[in-house]
2 protein chains.
Amino acid sequence: MPVDLTPSQALGLWHEVTMQQVHADGRDLTLRQLAILLEIYLVPPPHTVRGLAAKLGVTKPVITRALDTMGEQGLVTRMRDDRDRRNVIIKRTVDGALYLERLGDLIIARGHTLVP
Amino acid sequence: MPVDLTPSQALGLWHEVTMQQVHADGRDLTLRQLAILLEIYLVPPPHTVRGLAAKLGVTKPVITRALDTMGEQGLVTRMRDDRDRRNVIIKRTVDGALYLERLGDLIIARGHTLVP
DNA sequence: GCGTTTCGTTACGCTACCGTACCGGTTCTC
DNA sequence: GAGAACCGGTACGGTAGCGTAACGAAACGC
């Protein structure tokens, strides 16, 4: 069941959601940080720094820094992998799930107010 | 004709589009900058610095800086208002329209590949 | 005309992200 | 067990955004 949008609807949706995010969200995540967060929560684990870097097409420090920032905000957690202690496994948190749940609600709500 | 999305579709759409933006777009606009750009192109003119600041809920320097950056990239232009020379009118450009057109196409394309 | 208000911009110190390069710790290979 | 390979993190200099505060130019009020 694909989602069919007119050009006006597509940009209108982006406009309203982005506007709401700017206006209300105190977290102010970067585009890259949001991409990382969505990847962690929407794609089945496990997630590693290297894996995320490859998937996003960015360097490792970008992932490390993003995880630092989002970790301070409680959106994600890190744990060493006991089976291969070089790896770090990125884990989801309740706060992170809540944050994305609210983002989803916002998108859905804005979708309803669109006209073609 | 509202756009109905399931939670999974809403976040999935955001995920894929954000991912594509991170991976491909060399411009790397801030969330605020994107919001300003969308406001300029989707809402009827005229647009002023003060008006945009009020609409976005941010301070004036934020708008000035964003317009500086996006101006260098050719996404917007500024002109003094001849009727009230205190004002600056923000104008659209061909490059800016093209940029948003491509963003719209990307959103539509990703919408088609979604499953509920 | 002259003070006041309204514009957008600039200055300043600060914070956060960027890419490159390098590091310590762990595993693999032979 | 020694060397190479791999993983995440850190250091460093540079850049860009932030908020507060001040500024010059223009319009308004009386």
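Chain letters run A, B, ... following the sequence lines, proteins first, then strands; residues in each count from 1.
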> Side chain of B:V49: nearest nucleotide among D:dG8, C:dT27, C:dT9?
Replying inline: C:dT9
> Hey, are the side chains of A:L52 and A:I40 touching, using non-hydrogen atoms and a 4.5 Å cut-off?
Replying inline: yes
> Are A:T30 and A:T69 close enough that some pair of their side-chain heavy atoms sits under 4.5 Å apart?
Replying inline: no
> Rounded to the Å, how far apart are A:I90 CD1 and D:dC7 C1'?
Replying inline: 11 Å
> Is there a side chain to side chain contact (heavy atoms under 4.5 Å, CB included) between B:R78 and B:I89 once you walk through the steps?
Replying inline: CA-CA 6 Å; B:R78 278 180 279 195; B:I89 306 293; over 6 Å; no
>> Output the rounded distance in Å from CG (B:D68) to P (C:dT9).
In response: 7 Å
>> Tell me the interatomic distance from A:R85, atom CZ, to C:dG24, atom C1', rounded to whole angstroms.
In response: 14 Å
> Between D:dA27, C:dG8, D:dG8, which nucleotide gets closest to the side-chain atoms of B:R80?
Replying inline: C:dG8
> Roughly how many Å is it from CD1 in B:I89 to P in C:dT9, rounded to a whole number?
Replying inline: 11 Å
> Starting at the 5' end of DNA chain C, which residue's closest nucleotide do you reach first, B:L67 or A:D82?
Replying inline: B:L67
>> Expressed as a whole number of angstroms, how long is the span from B:N87:CG to C:dT9:P?
In response: 11 Å
> Base, backbone or nothing for each nucleotide of nucleotides 11-25 of chain D, written B, S, -, heavy atoms under 4.0 angstrom, 5' to 3'?
Replying inline: ------SBBBB----
>> For B:L75, is there any backbone N or O sitting under 3.5 Å from a side-chain donor or acceptor partner on B:T93?
In response: yes
>> C:dG8, OP1 or OP2 - any side-chain N/O from B:T64 closer than 4.0 Å?
In response: no
> In whole angstroms, how far is the P atom of C:dG8 from the CZ atom of B:R50?
Replying inline: 7 Å
>> Among B:R86, B:R85, B:R80, which residue satisfies the salt bridge (Lys or Arg N to Asp or Glu O under 4.0 Å) criterion with B:D82?
In response: B:R85
>> Just so I know, are the side chains of B:L11 and A:L103 near enough to count as touching, which here means a heavy-atom distance under 4.5 Å?
In response: yes
>> Just the rounded figure in Å: distance from P of C:dC7 to CD1 of B:I63.
In response: 14 Å
> Which pair of heavy atoms, one from B:P45 and one from B:R92, lies closest together, and at what distance?
Replying inline: CD-NH2, 3.7 Å
>> Just the rounded figure in Å: distance from C1' of C:dT26 to CG of A:D81.
In response: 12 Å
> Is there a side-chain polar atom (N or O) of A:R78 under 4.0 Å from OP1 or OP2 of D:dG9?
Replying inline: yes
